[in-house]
2 protein chains.
Amino acid sequence: MDNKRELFQVLTRRFGLLNKNCCSVGAIDISSVQSHILYEIDKQTSPSMQQIADTIAMDITTFSRQIQTLIKMELVKKTPSSTDKRVFILSLTVQGKFVATTIDESMNAYLEEVFSHMNEFEKETVIRSIKLLNQAMSKSSVCCTPLL
Amino acid sequence: MDNKRELFQVLTRRFGLLNKNCCSVGAIDISSVQSHILYEIDKQTSPSMQQIADTIAMDITTFSRQIQTLIKMELVKKTPSSTDKRVFILSLTVQGKFVATTIDESMNAYLEEVFSHMNEFEKETVIRSIKLLNQAMSKSSVCCTPLL
DNA sequence: CCACTTACTTGCAATGTGCAACAAATAACT
DNA sequence: AGTTATTTGTTGCACATTGCAAGTAAGTGG
């Protein structure tokens, strides 16, 4: 019966803030979009450009340019595929891996801090709920067509 | 013990998508930022520019320009305050109110659809969890300094 | 061999953004 | 009152992000 929109509006806003702050590692400053890109490259195995762009639901042209930036920053590497000459395989450089890991750690630290305001039972409930929510959203027909 | 980052990464991404889609009403097309602005103007009572900008944690200069756009679109009105001549009070025009309401409805409809994939118990748990999460985040010292 | 699709890149053009610098009004102090 | 500091909001840059249209190069299917 609650106003769901209200709840989600606030939640979204906070997430936005979180994502904005969280993304400087030492002298390196990256945007939240770029952080998502690093995250996915790290997670997937030998992904092509298309694959990552699709996962993040990002226009391929914008994505192409973001990758160019990340390459200039020496965080990402582009290797031509051996089987298909149109395709480039993305991977993280050592520095890129370091940045991705650092961001991951600081995000997790932040989340731990947030969860520290709850008791054990609440923690588990919230985690389980978010899983449920993710599942429900993936089943939904309305939004989020660009998969994942 | 789960990887919290993973869960939140996906959730954030979905929310982003949701926010992107949801914002055209008839011939009127607004950005998700603008939708947040309309939402807050509607919610607060006789808010000043600063107030809204703070709530959304948005730079006042960017905000000022967004308001100019929304005024041109005839969705928002700016009235000089009678008590403080520096201040402008924001309000929605009839059309603005209509747009805000329509977006609210379609968002709620979408959320209903998402929740329809859960049983009653799950629904309540998830809602309660999001409230908990919001509370915890507001208590957190790490992020989200820009209030709310 | 020709048409079609796929993967990626580049050229605009529009928009969003933040910092620095500004004017105007108000508050705060002496 | 009079001077100074603060607050509110607006511009002028400069730069990042974005998407569509168009293009190249490579693979696929008749």
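Predicted, not measured: the structure shown is a model, and the values here were computed from it. Every chain is numbered from 1, with letters handed out A, B, ... down the list of sequences.
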Exercise. Between B/Lys78 and D/dT8, is there a side-chain N or O to OP1/OP2 distance below 4.0 Å?
Worked result: no
For this session: Could you please spell out the steps behind the side chain to side chain donor-acceptor pair (under 3.5 Å) verdict for A/Gln34 and A/Thr69?
Result: CA-CA 9 Å; A/Gln34 290 166 347; A/Thr69 308; 4.9 Å; no
Problem set entry | Exercise: do A/Glu6 and B/Tyr39 side chains pair donor with acceptor under 3.5 Å | yes
Exercise. Please give, in whole Å, the distance from D/dA25 C1' to A/Phe88 CZ?
Worked result: 10 Å
Exercise. Does A/Ser64 place a side-chain N or O at less than 4.0 Å from the phosphate oxygens OP1/OP2 of C/dC8?
Worked result: no
Exercise. B/Phe63 near the nucleic acid: base, sugar-phosphate alone, or nothing, with a heavy-atom cut-off under 4.0 Å?
Worked result: nothing
Problem set entry | N or O in side chain of A/Ser31 less than 4.0 angstrom from D/dT17 OP1/OP2 | yes
Exercise. Rounded to whole angstrom units, what separation is found between the CE atom of A/Met49 and the C1' atom of D/dT24?
Worked result: 15 Å
For this session: Would you please confirm or rule out a distance under 4.0 Å between OP1 or OP2 of D/dT17 and any side-chain N or O of A/Thr62?
Result: no
For this session: Starting from P on D/dA26, measure out to NZ on A/Lys85 and report it in whole angstrom.
Result: 7 Å
Exercise. Between the base of C/dT6 and the side chain of A/Arg86, is there any donor-acceptor pair under 3.5 Å?
Worked result: yes
Problem set entry | Sorted by number, the residues of residues 65-76 of chain A with heavy-atom contact under 4.0 Å to DNA chain C | A/Arg65, A/Gln68
For this session: Using only side-chain N and O atoms of A/Thr61, determine if any of them is under 4.0 Å from OP1 or OP2 of C/dT9.
Result: no
Exercise. Can you list the steps and then say if B/His117 with A/Gln135 is a side chain to side chain donor-acceptor pair (under 3.5 Å)?
Worked result: CA-CA 9 Å; B/His117 297 284; A/Gln135 281 167 25; over 6 Å; no
For this session: Whole angstrom is fine here: how far is it from CG in A/Asp29 over to P in D/dC15?
Result: 16 Å
